[in-house]
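For clarity, every value in this text was computed on a predicted model and none was experimentally measured. Below, all heavy atoms of this structure are taken into account, side chains as well, without hydrogens, waters or symmetry copies.
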Amino acid sequence: SLSGVVPEEPVVSSRTGHMYEKRLIEKHLAVTGGKCPQTGEDMREEELIAVKTAGPAVKPLTPAATGIPGLLLQMQTEWDSTMLGVFRLRQELLATRQELAQALYQYDAACRVIAKLLMENERLKNSGGPATTVEERGTTDAGASQAGTIQGAVSTANGMDGRHRGEGHDDKGWKDEMKMEDIEDKDRGLDKEVLNRISARGDDQLIQRKARKVSPGLAPPERISDFKETLSVRWDQGPSAATTALDTTLKGDRLIAGYEDGSIRTLEAGSSQLVEVSPGSEYGAVSFLSMNQVDTNSALSVHRSDTVQIWRGTTSSRVETGLTGALTGVSFLAEHRFGIAASVNGKWSFLDLEKNEVLSSRGKDDPYCSLGVHGDGLLIGHGTLSGLVEMWDLKSMTSPMSFMPEGNSLRGRVPSVCFSENGYYLVSLMTAVEDRPARLIQWDLRKLETVAEHPLKDPNPLVARMDFSGSYIAVLSDTRMDVVHTKKKKLKQIWSVETTEPVSSIAWGTDAEWLSAGTKDGRIQCYGSTATGI
């Protein structure tokens, strides 16, 4: 061979018996006038005989690739090429998912606007008079709530990411399931008047939230990392004085505390003075509290885990929930005439607090552990015993999807869920299971995906509370309290304290300047960098 390598198209000379690369020997004969490169004898192209081969010849290794360093370098080059290809594919996948989510959002918005127009047209035909226009009722439903976005995008989201699980994988299956549910369940959902009220309030909340800016007085992480106990108050002695529940206004300027004897105390932030003291309840200890964010003299309470009361000042009345078993939470909606209650048997109720009626009940087979309500009042989330966060859309009274964390082969229960005030994020706790530690998980409701996870030292976390800005998450466990900072899709612990007395509940103060905790010995403690707080 002229080249010294295995020929790709070998030919042999019938005159000399030497083998050559066909294209090279033809060029050589043309240049030399028909001379054999080995013997110098005369040679013609007609004397070249093609050599038959079983397949393409394997090229020999280059000298640089015959040693171990050369082989390692070659494998590294191949690995780099593979990783670059995977990165490009991932970039294209993310871009495609964003385009798909945007298209689904626009499609869902368009469907709802068309549905409203059809309803108005039908009303106009039936009444013969002027109908309320879509503009008058507000077209901001098209982007008002993440509930509608989730419901519109869920069927496709299931197929493109295993981290979420919907109840159906296509529109037809989901619609068929809804028809069967309507037949089997006599409760058809909420009437039009209720839907209009909660939708209008959701629109108002959206507008206010978009116009709101982060407070310039928000405590920086460095200040929170220096938190110390600055105040501790206790009004009564004895076992019946244990503090069992806390809640605050969104801005943290007023705090309510529930006690073992069923009483409730209201305090003004910035002082340790009591504003109101309600008498003890015949229904026993307070296990959950929810303050009315519009009328701060009103609150909901759960007693002995199964009885709900509504408080107006120092007077209270029982609220019918239609639920059985221990309750896992109670809350006002943004439209504060209505409320939500949930129980461990996997059921929840939509309550009319003015009429003391149960307007609708829904649920699944998975037992509930916790309850969270979106700031728009159109979406609720339940932490479940199986480790899922089950989402419900109040406008359609359906559960379009459930959030499932990555690595879901082992899942603990979800003892707490909490929506951020801006409505974009959801945080949930998950207890430890086998060799997996307890976790704090942050979800993005717009992209339907996990933002970040943070391992917790205590295997049994109890409560997670976000501050008004959504910048900090307080986590209460059996033996400690932690504060985690949320920034740039990362969760970083910036403060922690081990509790000497069992703590039952926690609540944030104004601008995250302080954090309050209710203890089983009846105290309300305040942690801050200075003498601020309750």
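- Shown here for M466 and G470, the closest heavy-atom pair between the two residues is CE-O, 3.5 Å.
- Counting non-hydrogen atoms of neighbouring residues, nucleotides and ligands closer than 6.0 angstrom, the CD atom of Q208 exceeds 12 such neighbours.
- A507 and L255 get closest at one heavy-atom pair: CB-CD1, 4.4 Å.
- Side-chain contact check for T321 versus V330: every heavy-atom pair is 4.5 Å or farther apart.
- By the 4.5 Å heavy-atom criterion applied to side chains, F350 and V194 are counted as neighbours.
- Classified by interplanar angle (parallel below 30°, tilted 30° to 60°, perpendicular above 60°), the ring pair W348/W392 is perpendicular.
- Rounding to the nearest 0.5 Å gives a distance of 10.5 Å between CG of L351 and CZ of F338.
- In this structure the side chain of Q442 never reaches within 4.5 angstrom of the side chain of H454, judged on heavy atoms.
- Taking CD of E498 as the start and CE of M481 as the end, the distance is 11.0 Å to the nearest 0.5 Å.
- Between the CD1 atom of I441 and the OG atom of S428 there is a distance of 4.5 Å, given to the nearest 0.5 Å.
- Using a 4.5 Å cut-off on side-chain heavy atoms (C-beta onward), K192 and M119 make contact.
- K395 and D393 are not joined by a salt bridge, as no carboxylate oxygen comes within less than 4.0 angstrom of a charged side-chain nitrogen.
- At distances below 3.5 Å, at least one donor-acceptor pair connects side-chain atoms of S416 with backbone N or O atoms of A464.
- Between V463 and L429, the shortest heavy-atom distance links the atoms C-CD1, 3.5 Å.
- Atom NE2 of residue H374 and atom CG of residue L426 lie 9.0 Å apart, to the nearest 0.5 angstrom.
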Trace of the side-chain contact (heavy atoms from CB on, under 4.5 Å) decision for T328 with S370: CA-CA 5 Å; T328 59; S370 52; 5.6 Å; no
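- When atom types are taken as modelled, the side chain of D352 and the backbone of L359 share no donor-acceptor pair closer than 3.5 angstrom.
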Test side-chain contact (heavy atoms from CB on, under 4.5 Å) applied to D444 and Y425, step by step: CA-CA 5 Å; D444 191 324; Y425 299 101; 3.9 Å; yes
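- Inter-residue side-chain proximity for V319 and N356 is flagged as met; some heavy-atom pair is nearer than 4.5 Å.
- Distance CG/L323 to OG/S361: 6.0 Å, rounded to 0.5 Å.
- Side-chain atoms of S504 do not come within 3.5 Å of backbone N or O of K520 as any donor-acceptor pair.
- Under a cutoff of 6.0 Å and an axis angle of 45°, R465 and Y472 do not form a cation-pi pair.
- Between L440 and P461 the shortest side-chain heavy-atom distance does not fall below 4.5 Å.
- When each of R362, E390, K364 is paired with S399, the side chain to side chain donor-acceptor pair (under 3.5 Å) condition holds for K364 and for no other.
- The two residues S420 and Y424 have their closest heavy-atom pair at OG-N, 3.5 Å.
- At distances below 3.5 Å, not a single donor-acceptor pair connects side-chain atoms of S349 with backbone N or O atoms of A341.
- Using a 3.5 Å distance cut-off with no hydrogens or angles, the side chains of D482 and S477 do not pair a donor with an acceptor.
- At least one donor-acceptor pair closer than 3.5 Å links the side chain of D458 to the backbone N or O of T479.
- Remark: the backbone N or O of L491 is not paired with any side-chain donor or acceptor of T486 at under 3.5 angstrom.
- Of the candidates L388, T384, D366, L388 is the only one forming a side chain to side chain contact (heavy atoms under 4.5 Å, CB included) with S402.
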Starting from the C-alpha separation in whole Å, work towards a yes-or-no answer on side-chain contact (heavy atoms from CB on, under 4.5 Å) for Y259 and T243. CA-CA 5 Å; Y259 289 85; T243 308; 3.3 Å; yes
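- Residue R413 holds its CZ atom at 5.5 Å from CG of N460, rounded to the nearest 0.5 Å.
- Of all heavy-atom pairs between A334 and Q205, the closest is CB-CG, 3.9 Å.
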Can you check side-chain contact (heavy atoms from CB on, under 4.5 Å) on V427 and V484, steps first, answer last? CA-CA 11 Å; V427 295; V484 177; over 6 Å; no
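- A heavy-atom distance below 4.5 Å is not found between the side chains of H485 and W495.
- When side chains are defined from C-beta on, R201 counts as touching H336, because their heavy atoms get closer than 4.5 Å.
- Scanning both residues, V358 and E320, for their nearest heavy atoms gives CG2-O, 3.5 Å.
- T244 places a side-chain N or O within donor-acceptor distance of the main-chain N or O of G258, the cut-off being under 3.5 Å.
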